[in-house]
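Here the structure is laid out as structure tokens; the discussion comes afterwards.
Here the structure is a predicted model, which means the values were calculated and not measured.
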Amino acid sequence: MQVEFYLKSLTLEDIPNHGTIHFVCNSWVYNSKNYKTDRIFFANNTYLPSETPAPLLKYREEELKNVRGDGTGERKEWDRIYDYDVYNDLGNPDSGDKYARPVLGGSALPYPRRGRTGRGKTRKDPNSEKPSDFVYLPRDEAFGHLKSSDFLAYGIKSVSQDVLPVLTDAFDGNILSLEFDNFAEVRKLYEGGVTLPTNFLSKIAPIPVIKEIFRTDGEQFLKYPPPKVMQVDKSAWMTDEEFARETIAGVNPNVIKILEEFPPRSKLDTQAYGDHTCIITKQHLEPNLGGLTVEQAIQSKKLFILDHHDYLIPYLRKINATTTKTYATRTIFFLKSDGTLTPLAIELSKPHPQGEEYGPVSEVYVPSSEGVEAYIWLLAKAYVVVNDSCYHQLVSHWLNTHAVVEPFVIATNRHLSVVHPIYKLLFPHYRDTMNINSLARKSLVNADGIIEKTFLWGRYALEMSAVVYKDWVFTDQALPNDLVKRGVAVKDPSAPHGVRLLIEDYPYASDGLEIWDAIRSWVQEYVSFYYKSDAAIQQDPELQAWWKELVQVGHGDLKDKPWWQKMQTCEELIEASATLIWIASALHAAVNFGQYPYGGLILNRPTISRRFMPEKGSAEYAALAKNPEKEFLKTITGKKETLIDLTIIEILSRHASDEFYLGERDGGDFWTSDAGPLEAFKRFGKKLQEIEHKLIQKNKDETLRNRTGPAKMPYTLLYPSSEEGLTFRGIPNSISI
């Protein structure tokens, strides 16, 4: 007997004095025995609390009370309750210390809150929640819109449950060699694939979403599509220009900063960590500054830094005590007269053998294109990219989009009625986020999960993201503020978007500003339609309760920060809503859908380093001179980790078949009965089409060298529209993969 059904919408016709009434429901409905109260659905009208028709007020309040719950007990599958909890379900102390992880959230390790499930606690640690196969989600957050076979996230589950064990057996049984021998063998992944005996394959029943990678007909087991970064030029990744270009047009394009002081200093406590001032000197830089001194280059805003140093140092000794070996890195770039960036020097720092307080042991490397030194330089760049890959996955992607948005989803459902205009504005940007996050906690970012196995930070991965969250600032997530804070743009009222880029040809920033402006204009039109004054904002009890709880509970570990909007003016509501929509749509698209196109070639985006830099005169140095490709491959991500990493990022970089993109809404025009917002939304969609056309033209302009670079891959990540699949473009409304 079917116990549930999905009620998409309901239409009542020929109602006296009303004609047709539309109800947009989008909700799972269970047997009434499962609920203490009746289910309530509202027609598609939009009301501020003060304007709600009197007969509806009681239902409006009752429905919000129902979804808030009382904060007790274990949640059941059919529950619709939204509540908060800390990240105490990443590990399982009962399975041994190897699987114990600290609780994220609280004064020691601040973190955004996740949805509460109310599961029991582990035996060994009363603060940790017991893992289970069923992870509660408010019922309407679970994927209700897809055939399960088409559901990308099942692919992630399948990788951890089916593929990992088979690969482990194959490597342990010497059926697959542990190392790649040369770059050609890496490229073979996309040409010939990885072959396994048929008896191994009988253990896997791949689901359709990953059938393109998994072949179970006894031919290749794993065959990957060629990543975009190598489709035109297989060795473009080795060039300094491509290495530099990916800091502004790659998958992690929002970390590079202006260099304002020389040498760069550290913010680490000198008593605990010694002197971490950068040891790169003017002599390292000036030969390649085109006649400028370092002072002149800084003054004319031509020097930039990719700094992966301070946050890593406190964890570096622990990370290097495992099978991985790495450095904190600082990389200085020069903006050349042709508009491209070039790396001038890389500093690699590791902990002092006698203790942290002695400061680091650092070396500086400069570009070289001859003999063994060319490979030493290639390795120096690889250590930088390993840090960048980890920071990208755990901070730019997981923390700064997935994790920070979840408290907004919870607070919105708990305090804004479905008929509230701001609920209707934000709702499309929450689709599937809690679901994908809960899946990630189970298979991706959990103890000994896929991220810990395939990224350098290992068991410290999420803990380190919590250390970085201490400095997260919501208002700085708005793109113009982010660019100004990093010093890559300056405020300029006469510039098209109010800021002027210092790197004019900065694909992520220049495309992003177009999208940001479109989002902000749409939000401004929408908010102005419902709120005619600041007083209306202050007197809206639902809005005030929403914002208060979001700040004090959802992001409660940062509640005392002075930068939060006070939510007293229309301007604050517009800015906060636009920022949230930007994070959930364009920011996530920029850091997610390029993962396979750039990182699918492990040579271009390694995720682990396993050996230190060979020293002159050592056996390793001689081996590098003799067989540079093999030694390079022995240093970066191993073969097994590469196969797992590629399988996962190939799925994460895809669009589902029924994705809704920015400027689109599920249910067409029925989301509101107000003509003004419907017209404004159509203008927003049209504006996005115009922007897409403009970006296509930009990519044809050969004077903009950073748009395609040596890899000849035009920057398309912020084109709003996309087909399904692996497209390297498209901005979904929400964080849905």
Under 3.5 Å: donor-acceptor pair, side chain of [X], backbone of [Y]:
X: Arg610; Y: Ile636; result: yes
X: Glu347; Y: Ile279; result: yes
X: Thr117; Y: Tyr136; result: no
X: Asn446; Y: Leu444; result: yes
X: Thr635; Y: Arg611; result: no
X: His392; Y: Val591; result: yes
X: Thr579; Y: Thr475; result: no
X: Asp79; Y: Lys76; result: yes
X: Thr324; Y: Asn320; result: no
X: Lys325; Y: Thr322; result: yes

Set of residues satisfying ring-ring contact (aromatic ring centres under 6.0 Å, His included) with respect to [X], sequence neighbours excluded:
X: His429; answer: none
X: Tyr327; answer: Tyr383, Phe612
X: Tyr423; answer: Phe427
X: Tyr365; answer: none

Item to check | Distance-only polar pair, side chains of Ser128 and Thr122, donor-acceptor under 3.5 Å | outcome: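 The criterion, which ignores hydrogens and geometry beyond distance, is not satisfied for Thr122 and Ser128.
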Shortest non-hydrogen contact from [X] to [Y]?
X: Pro93; Y: Asp125; value: CG-CB, 3.8 Å
X: Ile731; Y: Ser585; value: CG2-C, 3.5 Å
X: Ile256; Y: Leu306; value: N-CD1, 4.1 Å
X: Thr607; Y: Cys390; value: O-SG, 3.7 Å
X: Asn400; Y: Ser396; value: CB-O, 3.6 Å
X: Leu316; Y: Lys350; value: CD2-CA, 4.0 Å

Partners passing side chain to side chain donor-acceptor pair (under 3.5 Å) against [X] (at least two apart in sequence or in another chain):
X: Asp448; value: Lys453
X: Gln477; value: none
X: Thr454; value: none
X: Asn437; value: His402, Glu406

Item to check | Test salt bridge (Lys or Arg N to Asp or Glu O under 4.0 Å) applied to Lys318 - qualifying residues, sequence neighbours left out | outcome: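 For Lys318 there are no salt bridge (Lys or Arg N to Asp or Glu O under 4.0 Å) partners, ignoring immediate neighbours.
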Next on the checklist: Using the salt bridge (Lys or Arg N to Asp or Glu O under 4.0 Å) criterion, which residues pair with Asp307? Sequence neighbours excluded.
Outcome noted: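 For Asp307 there are no salt bridge (Lys or Arg N to Asp or Glu O under 4.0 Å) partners, ignoring immediate neighbours.
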I need the [X] [atom1] to [Y] [atom2] distance, nearest 0.5 Å.
X: Thr331; Y: Lys381; atom1: OG1; atom2: NZ; answer: 10.5 Å
X: Met434; Y: Asp140; atom1: CE; atom2: CG; answer: 11.5 Å
X: Leu456; Y: Tyr315; atom1: CG; atom2: OH; answer: 14.0 Å
X: Trp546; Y: Ile410; atom1: CH2; atom2: CD1; answer: 14.0 Å
X: Ile608; Y: Trp457; atom1: CD1; atom2: CH2; answer: 13.5 Å
X: Leu587; Y: Trp582; atom1: CG; atom2: CH2; answer: 6.5 Å

Checklist entry - Are Arg317 and Glu356 ion-paired here, with the side-chain N under 4.0 Å from a carboxylate O? => result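 Result for this pair is yes, salt bridge flagged.
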Is it the case that more than 12 heavy atoms not belonging to [X] sit under 6.0 Å from its [atom1] atom?
X: Glu261; atom1: CD; result: yes
X: Lys566; atom1: NZ; result: yes
X: Lys121; atom1: NZ; result: yes
X: Lys470; atom1: NZ; result: yes

Next on the checklist: Would Arg114 and Glu129 count as a salt bridge (charged side-chain N to carboxylate O under 4.0 Å, His left out) here? Give the steps.
Outcome noted: CA-CA 13 Å; Arg114 64 166 176 96; Glu129 199 170 82; 3.1 Å; yes
Checklist entry - Would His588 and His397 count as a side-chain contact (heavy atoms from CB on, under 4.5 Å) if you check the C-alpha gap in whole Å, the side-chain angles of each, and the deciding distance to 0.1 Å? => result CA-CA 7 Å; His588 180 259; His397 181 209; 3.4 Å; yes
Next on the checklist: Show every salt bridge (Lys or Arg N to Asp or Glu O under 4.0 Å) that has at least one partner inside residues 573-582, sequence neighbours left out.
Outcome noted: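 Found Arg520-Glu575.
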Item to check | Pairs involving residues 543-558, ordered by first then second residue, that meet salt bridge (Lys or Arg N to Asp or Glu O under 4.0 Å) (sequence neighbours left out) | outcome: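 Matches after skipping sequence neighbours: Arg113-Asp557, Arg414-Glu549.
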Checklist entry - When you look at Phe474 and Trp564, which way does the ring pair (Phe, Tyr, Trp, His ring centres under 6.0 Å) test go after all the steps? => result CA-CA 7 Å; Phe474 175 64; Trp564 284 108; 5.8 Å; yes
